[in-house]
2 protein chains.
Amino acid sequence: MNKKKKITIQDIARELNTTISTVSRALRDHPRISVETRERIKKYALEHDYQPDFRAASLRQGSARTIGVLVPRIDIHFFARVLRGIDEVASENNYNVLIIQSLDSLTKEINLVKSLVYGKVDGLIASISIETHDGEHFKPLINKGVPLVLFDKVLDDVDVTKVIIDDHYGAYIAVQHLINQGCKRIGHFAGPQYLNIYKSRKQGYLDALKDAGLKIEESLIFEDMLVKERGYEIMGQVHKMENPPDAIFSSNDFAVVGAIMRAKELGIRVPQDIAFTGFANEPMDEIVDPTISSIEQNPVKMGKEAARLLIEQMEDKKTAFYPKTVTLKPSLVVRQSSLKKSIVSV
Amino acid sequence: MNKKKKITIQDIARELNTTISTVSRALRDHPRISVETRERIKKYALEHDYQPDFRAASLRQGSARTIGVLVPRIDIHFFARVLRGIDEVASENNYNVLIIQSLDSLTKEINLVKSLVYGKVDGLIASISIETHDGEHFKPLINKGVPLVLFDKVLDDVDVTKVIIDDHYGAYIAVQHLINQGCKRIGHFAGPQYLNIYKSRKQGYLDALKDAGLKIEESLIFEDMLVKERGYEIMGQVHKMENPPDAIFSSNDFAVVGAIMRAKELGIRVPQDIAFTGFANEPMDEIVDPTISSIEQNPVKMGKEAARLLIEQMEDKKTAFYPKTVTLKPSLVVRQSSLKKSIVSV
DNA sequence: CATTTTCAAACAAACGATTGCGCATCAAAT
DNA sequence: ATTTGATGCGCAATCGTTTGTTTGAAAATG
């Protein structure tokens, strides 16, 4: 047990026979403090490992240098990655990150957001819960001038900066890639269409086919829950078709895993007989056999972008602020499940 | 734009012709405030959605009701799950959670810990970086009376509460399970032995064999880096052995994925010809085919336990505190890769 | 009627830092 | 010799709460 007491700026002042203002200024390299006293004070502070009290400083300064992040769940891979990006930019800029989870409950989200007003955070980055359909509970925050950035799942009725992913584009390049691999009859595992992301992805699929002059066949579009088990079952149906697809673009990766599993059982070769491209680039994509081609959403980049935009807004209080929507382009990660050409050439 | 101004306790006092102390007490249901004034003040506060300034309150009270969590990386599944558990207990108890990542850099860890002293957090839950070999940088924190709980990767030279996993037990029950499935020649994929966790797991493996009266064969123990690629290669070697094992207990799941992949290529059936049990219960375990039996470390429980212990220590400042080490028992999750018996009986 | 007890509300001092302003001091310029 | 201008430092207010101590008036007591 060294010293249990916290050492404050006042202690230093007393010990060194000066005043707290001088100590404060010396520690912050104020020009009007002589070099000697500055050194003397800094030396003392270092030796007694003084650290300014965070609460006092932030109370006085009106800023806690803390950004709040609201996510549905912290242990969903996508959000964990986004958080990684946010944290990186935040700590580069000397901001703390306070994370809160809604657990996809609107009630919890409302309470959490309310508790954030006043001092806890200087700004908020949020991805709303699945139950959230309007942004009423964000209004007080916005009115009080707390900068807000929404990402991934966003709201139309709040006029703030947003960072989203171009789902349409992601689907488009996925399908384009399959076409480039020589596929002619490309099917689609579509998610529930009341969710915007799945709607956009389907549209991207359709547009890619159209632009390539390929015929759209409704029988090749399977709208379903995109889980492994369903992928498995649908593949069974596909196998019985008299004119089956030679490729599938799936709106997520889990359905692909199931489909590939069934394909293997049925002796259908992937990608030779049927190629697959998924969406989301889940970690398992490079674990399974064959590895799965997918669309990388760059969650880390998303987090970084959101954090950058928020910090920009927080620090630039002078110039008028106009919310903007940043749309990130996802990218294609080619793996074995769609790589027909190189297999042919080998 | 409603009201941009933050409303404080003073504003309320002014408007209601009373004093700030009365307002403060009224809002906190102090008995010495008459029911009428209390109601009057509460009503006003509610209507103007007053929220106490977090910084001012915590400065005055000496507590920020915030617990810090230090992890190597937030986007590692295990840590994300632990964080989930911590957050759950923390928010039940009205604590905020401030997350910091060391990114497995000791330098970063030291700086982060230093920045936490004084006011930012009232307590810290930490899992050290891979570069950390002593707890010198935690000493100032401890000396200043900031409660600390270490989890998962812990240090011997700091005398604080620790939450760890019983690796030996996990390995033991995994091997026991293989024995129960009728396996007689059980091999082991051992990780690098300079890491405690892998050493304990190997010992658990050895003890389980010994206790079951099974012979230990050095040739069945493969000490290697536990990645998918190495698992794949080792399986190749195993296949060439004249007396190959009928089961493998692996110290992680990735090596199992590789091994199973190779086994399938070689026409070795899993689990009929060779059974597998991994360790860590990675999400992919139920994705791959066959699904992989593994040891669940219960990270969420670990987080909850750590948070509970920390809060207990933070709030119970009166009674003398003695650090304790809590060892969590992992559990076995049986899946296809090790389930010989039921396959036989089907 | 004088004195004590109660109760509700006001006063004021913290918490620990930041910061505008003012007061010295001393050298240089007028 | 006086003004000017740096320079170095101290005073005191301030951020928004919480909380120990007083005050003042009404109620209870003798």
Side-chain angles (χ1 to χ4, degrees), chain A residues 5-42 44-45 48-66 94 115-122 144-146, chain B residues 5-42 44-45 48-66 115-122 144-145:
Chain A
K5 275 305 293 166
K6 308 185 165 193
I7 156 168
T8 76
I9 215 172
Q10 341 228 13
D11 298 329
I12 303 184
R14 185 170 7 84
E15 287 308 307
L16 263 41
N17 282 317
T18 177
T19 62
I20 54 171
S21 53
T22 303
V23 176
S24 173
R25 283 193 250 259
L27 292 173
R28 323 183 77 241
D29 285 319
H30 191 286
R32 298 286 286 271
I33 301 294
S34 71
V35 195
E36 309 101 75
T37 38
R38 197 186 308 176
E39 288 312 318
R40 201 163 56 101
I41 291 171
K42 283 195 167 180
Y44 188 96
H48 296 71
D49 57 41
Y50 162 82
Q51 288 281 119
D53 185 291
F54 172 73
R55 297 159 301 192
S58 68
L59 171 61
R60 182 61 233 263
Q61 295 182 142
S63 154
R65 284 204 89 79
T66 299
N94 267 89
S115 82
L116 283 186
V117 214
Y118 292 142
K120 245 181 223 173
V121 302
D122 305 320
K144 261 142 205 157
V146 179
Chain B
K5 275 303 294 166
K6 307 185 166 192
I7 157 168
T8 74
I9 217 173
Q10 342 223 17
D11 299 328
I12 303 184
R14 186 169 7 83
E15 288 308 309
L16 263 41
N17 281 317
T18 178
T19 61
I20 53 171
S21 53
T22 305
V23 176
S24 172
R25 289 193 166 101
L27 292 172
R28 325 182 75 240
D29 285 319
H30 191 284
R32 297 286 287 273
I33 301 294
S34 69
V35 194
E36 309 98 80
T37 37
R38 199 187 306 178
E39 289 311 317
R40 201 163 55 102
I41 290 171
K42 281 194 168 182
Y44 187 95
H48 295 72
D49 60 40
Y50 163 82
Q51 288 282 120
D53 186 290
F54 171 73
R55 296 160 301 194
S58 69
L59 172 59
R60 182 60 235 259
Q61 295 180 143
S63 156
R65 284 204 88 77
T66 299
S115 82
L116 283 185
V117 214
Y118 293 144
K120 244 181 223 171
V121 302
D122 305 318
K144 261 141 202 155

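Only heavy atoms go into these numbers, but all of them, side chains included; no hydrogens, no water, no symmetry mates. Protein chains get the first letters and strands the later ones, always in sequence-line order, with residue 1 at the start of each.
In this view, Arg25(A) satisfies the salt bridge (Lys or Arg N to Asp or Glu O under 4.0 Å) rule with no residue, not counting sequence neighbours. Under the salt bridge (Lys or Arg N to Asp or Glu O under 4.0 Å) criterion, Arg65(A) pairs with Glu315(A), not counting sequence neighbours. Scored by the salt bridge (Lys or Arg N to Asp or Glu O under 4.0 Å) test, Arg40(A) finds no partners at all (sequence neighbours excluded). With sequence neighbours left out, the side-chain hydrogen bond (donor to acceptor under 3.5 Å, both in side chains) criterion links Ser24(B) to no other residue. The salt bridge (Lys or Arg N to Asp or Glu O under 4.0 Å) test applied to Arg14(A) returns Asp11(A), not counting sequence neighbours.
Closest to the side chain of Gln10(A), from the set dG16(C), dT17(D), dC11(C), is dG16(C).
Whole-Å rounding puts the Glu36(A) CD to dC9(D) C1' distance at 13 Å. The distance between atom CZ of Arg65(A) and atom C1' of dC15(D), rounded to the nearest whole Å, is 18 Å. In this structure, Asp53(A) atom CG and dT17(D) atom P are separated by 17 Å, rounded to whole Å. In this structure, Ile9(B) atom CD1 and dT17(D) atom P are separated by 5 Å, rounded to whole Å. To the nearest angstrom, P of dG8(D) lies 14 Å from CG of Asp29(A). Look at CG on Asn17(B): it is 12 Å from P on dC11(C), rounded to the nearest Å. Rounding to whole angstrom units, CZ of residue Arg32(B) and C1' of dA26(D) are separated by 14 Å. Counting to the nearest Å, the P atom of dA17(C) and the CG atom of Asp11(A) are 8 Å from each other.
Note on Leu59(B): a base of the nucleic acid sits closer than 4.0 angstrom, heavy atoms only. Using a 4.0 Å heavy-atom criterion, one finds that Tyr50(A) contacts the sugar-phosphate atoms exclusively. Within 4.0 Å (heavy atoms only), Thr8(A) reaches sugar-phosphate atoms of the nucleic acid but no base atom.
A salt bridge does not link Asp53(B) with Lys120(A): none of the charged nitrogens is closer than 4.0 Å to a carboxylate oxygen.
Distances shown here put every side-chain N or O of Ser34(A) at or beyond 4.0 Å from the OP1 or OP2 atom of dT7(D). Between dC9(D) and Thr37(A), a contact under 4.0 Å exists linking OP1 or OP2 to a side-chain N or O. The side chain of Arg55(B) places no N or O atom within less than 4.0 Å of a non-bridging phosphate oxygen (OP1 or OP2) of dC15(C).
Nearest-nucleotide positions on DNA chain D place Thr18(A) closer to the 5' end than the other of Ala56(A) and Thr18(A).
For the segment residues 20-27 of chain B, residues with any heavy atom less than 4.0 angstrom from an atom of DNA chain C are, sorted by number, Ser21(B), Thr22(B), Arg25(B).
When all heavy atoms of Ser63(B) and Ser58(B) are compared, the closest pair comes out as O-CB, 3.0 Å.
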